[in-house]
Amino acid sequence: MSNKPVDVVVVGELNVDIILNKIEGFPAVGKEIIANTMHVTLGSSSAIFASNLSSLSANVAFIGRIGNDNFAKLVLESLNRRHVETSHIVTSATSSTGATIVLTYDQDRANVTYPGAMNELCIDDIDFRFLSGARHLHFSSYFMQPGIRKDVTTLFRKARELGLTTSLDTQWDPDEKWDIPLRELLPFVTLFMPNSQELLHMTRAGSIGEGIRILQPFANHIIVKNGSNGAVAWDGQNLIEQPAFMNDNPVDTIGAGDSFNAGFIKGFINGEPVRKCLELGALTGAISTTKAGGTGAFESPETVSEIASEKFNYPFRP
Ligand SMILES: Nc1ncnc2c1ncn2[C@@H]1O[C@H](COP(=O)(O)OP(=O)(O)OP(=O)(O)O)[C@@H](O)[C@H]1O
Ligand SMILES: [Mg+2]
């Protein structure tokens with residue numbers, strides 16, 4: 001085991017989700033419709049990942065930006081409640097905390113995001129001495145963070161030089177330009193973790209297999225999430241397929257990808273082989289679909305363990 005004080009440092013965006021469910025129709029300009037339920041919770045891919053990984057008994061710290069407002073309090077309280085270390089989160093003097101309005105229709109959803117302070121996170125916000133005390137760096141939502149985007153290769157290179165392993169989940173590009181220097185960046189990324197649609201856009205490939213083949217010459221491990229079809233990984237030698245742990249009645253799929261990442265990375269920092277990490281990722285992705293929102297199913301290691309055995313018949317003691 002490592003003697004470093006922090007297992008995983010997450011660098012990324014912070015916002016709240018305002019989730020509207022059971023909506024009577026589609027919104028139209030000049031009209032009004034009713035949503036029959038609402039939840040206001042911790043949002044953002046990076047924060048959901050950090051919170052859920054902490055609930056898998058990893059020591060997690062966060063570096064990001066928030067505003068000086070009530071949403072910031074909600075973000076910090078939610079992370080602290082799940083024991084994520086927040087002392088390196090910077091408060092912006094000029095921007096509000098970001099927020100996403102989520103309109104949920106059956107299993108799919110439409111999101112509108114106000115980025116706020118997440119636009120300002122920059123490389124100067126990263127305390128590299130602090131980072132050197134961690135084992136692993138995770139960065140998410142590349143396209144949503146203009147302030148740090150141009151320096152992401154430097155961030156990953158420095159993390160590798162400091163002896164950390166690294167992971168990157170790009171998430172969706174709201175501009176749909178998919179402009180990312182993969183050839184330059186991926187050599188410093190231990191685990192590249194897009195979903196299937198994101199992979200196809202970034203590589204201009206026609207299939208997951210082709211996308212992986214395009215990246216193989218310069219990537220390390222490639223992990224591709226594919227919704228209820230499960231996931232596929234390239235571990236540097238073999239292609240490994242993982243079916244989903246089927247949940248026929250998902251409450252919602254918010255944060256399934258981030259929860260998958262949490263399970264995978266928990267396995268990875270424990271030294272498990274990629275095949276086992278992939279299985280743990282699929283399990284925690286499925287666990288996420290059993291409760292509302294991105295963090296609802298990850299209250300504590302004990303509740304995660306209970307859902308794993310009761311819903312998926314899988315013995316898991318994080
Ligand atoms: N309905 C489902 N039932 C069981 N498992 C699921 C379901 N949906 C997703 N998963 C699991 O969660 C993993 C991640 O989900 P998905 O592919 O939707 O990620 P994503 O598109 O990155 O999600 P996100 O919107 O959270 O970023 C999948 O690989 C799968 O193992
Ligand atoms: Mg995703």
Side-chain angles (χ1 to χ4, degrees), residues 10 12-13 15 17 19 41-53 56 100 102-111 113 138-145 167-174 178 180 191-202 208 211-212 222-234 240-267 274-298 304 307-308 310-314 316:
V10 181
E13 85 293 12
N15 71 351
D17 274 354
I19 304 165
T41 69
L42 180 67
S44 76
S45 167
S46 303
I48 291 171
F49 167 78
S51 181
N52 292 354
L53 180 60
L56 299 179
T100 298
V102 184
L103 307 180
T104 304
Y105 292 96
D106 291 328
Q107 284 198 43
D108 225 331
R109 51 197 194 263
N111 295 354
T113 292
H138 182 77
F139 179 80
S140 185
S141 304
Y142 175 86
F143 301 104
M144 300 277 285
Q145 301 185 88
S167 47
L168 169 68
D169 184 343
T170 59
Q171 301 286 10
W172 191 253
D173 178 5
W178 304 101
I180 176 168
L191 310 169
F192 183 49
M193 312 183 83
N195 75 16
S196 55
Q197 288 309 306
E198 294 152 2
L199 173 80
L200 299 190
H201 284 294
M202 283 184 278
I208 295 176
I212 289 176
I222 305 165
I223 298 95
V224 184
K225 289 159 280 182
N226 198 13
S228 52
N229 292 321
V232 181
W234 164 253
I240 308 167
E241 292 194 25
Q242 171 67 51
F245 286 74
M246 273 326 286
N247 178 10
D248 294 330
N249 276 316
V251 177
D252 66 46
T253 57
I254 296 170
D258 307 309
S259 304
F260 174 102
N261 293 347
F264 190 103
I265 288 164
K266 169 69 183 176
V274 167
R275 181 180 296 280
K276 177 74 176 178
C277 299
L278 202 54
E279 191 174 283
L280 292 175
L283 175 72
T284 49
I287 286 174
S288 162
T289 68
T290 64
K291 296 266 169 76
T295 58
F298 291 80
V304 172
I307 299 172
E310 280 169 22
K311 298 250 181 196
F312 302 106
N313 198 22
Y314 190 101
F316 183 43

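Just follow the structure's listing: the first ligand is 1, and inside any ligand the first atom is 1. Quick note: residue numbers are just sequence positions, from 1. Treat the numbers as computed from the prediction; the structure is a model and nothing was measured.
Under 3.5 Å, the side chains of N15 and T100 contain a donor-acceptor pair of N or O atoms. Counting only N and O atoms by type, the side chains of D258 and S45 include a donor and acceptor under 3.5 Å apart.
Aromatic ring orientation, H201 versus W178: parallel (interplanar angle below 30°, classes split at 30° and 60°).
Taking distance alone, with nitrogen or oxygen atoms compared against 3.5 Å, G257 approaches ligand 1 more closely than that limit. Ligand 1 has a nitrogen or oxygen under 3.5 angstrom from a nitrogen or oxygen of N195.
Under 4.0 angstrom from ligand 1, the non-hydrogen atoms of N226 all belong to its backbone. Looking at Q171 against ligand 1, only its side chain comes within 4.0 Å, counting heavy atoms.
Of the options A256, P194, S228, G285, the smallest heavy-atom separation from atom 15 (O) of ligand 1 is shown by A256. One option in P250, G281, A282 has a heavy atom closer to atom 1 (N) of ligand 1 than any other, and that option is P250. In this comparison of A244, G263, G227, S196, the heavy atom closest to atom 10 (N) of ligand 1 sits on G227.
Taking 4.0 Å as the cut-off, S45 does not count as a neighbour of ligand 1 on heavy-atom distance.
None of L199, L278, I212, I223 except one satisfies the side-chain contact (heavy atoms from CB on, under 4.5 Å) rule with V232; the exception is I212.
Taking backbone and side chain together, N195 holds no N, O or S atom under 2.8 Å from the Mg ion (ligand 2).
Near G255, the atoms of ligand 1 lying under 4.0 angstrom from a non-hydrogen atom of the residue are 26 (O).
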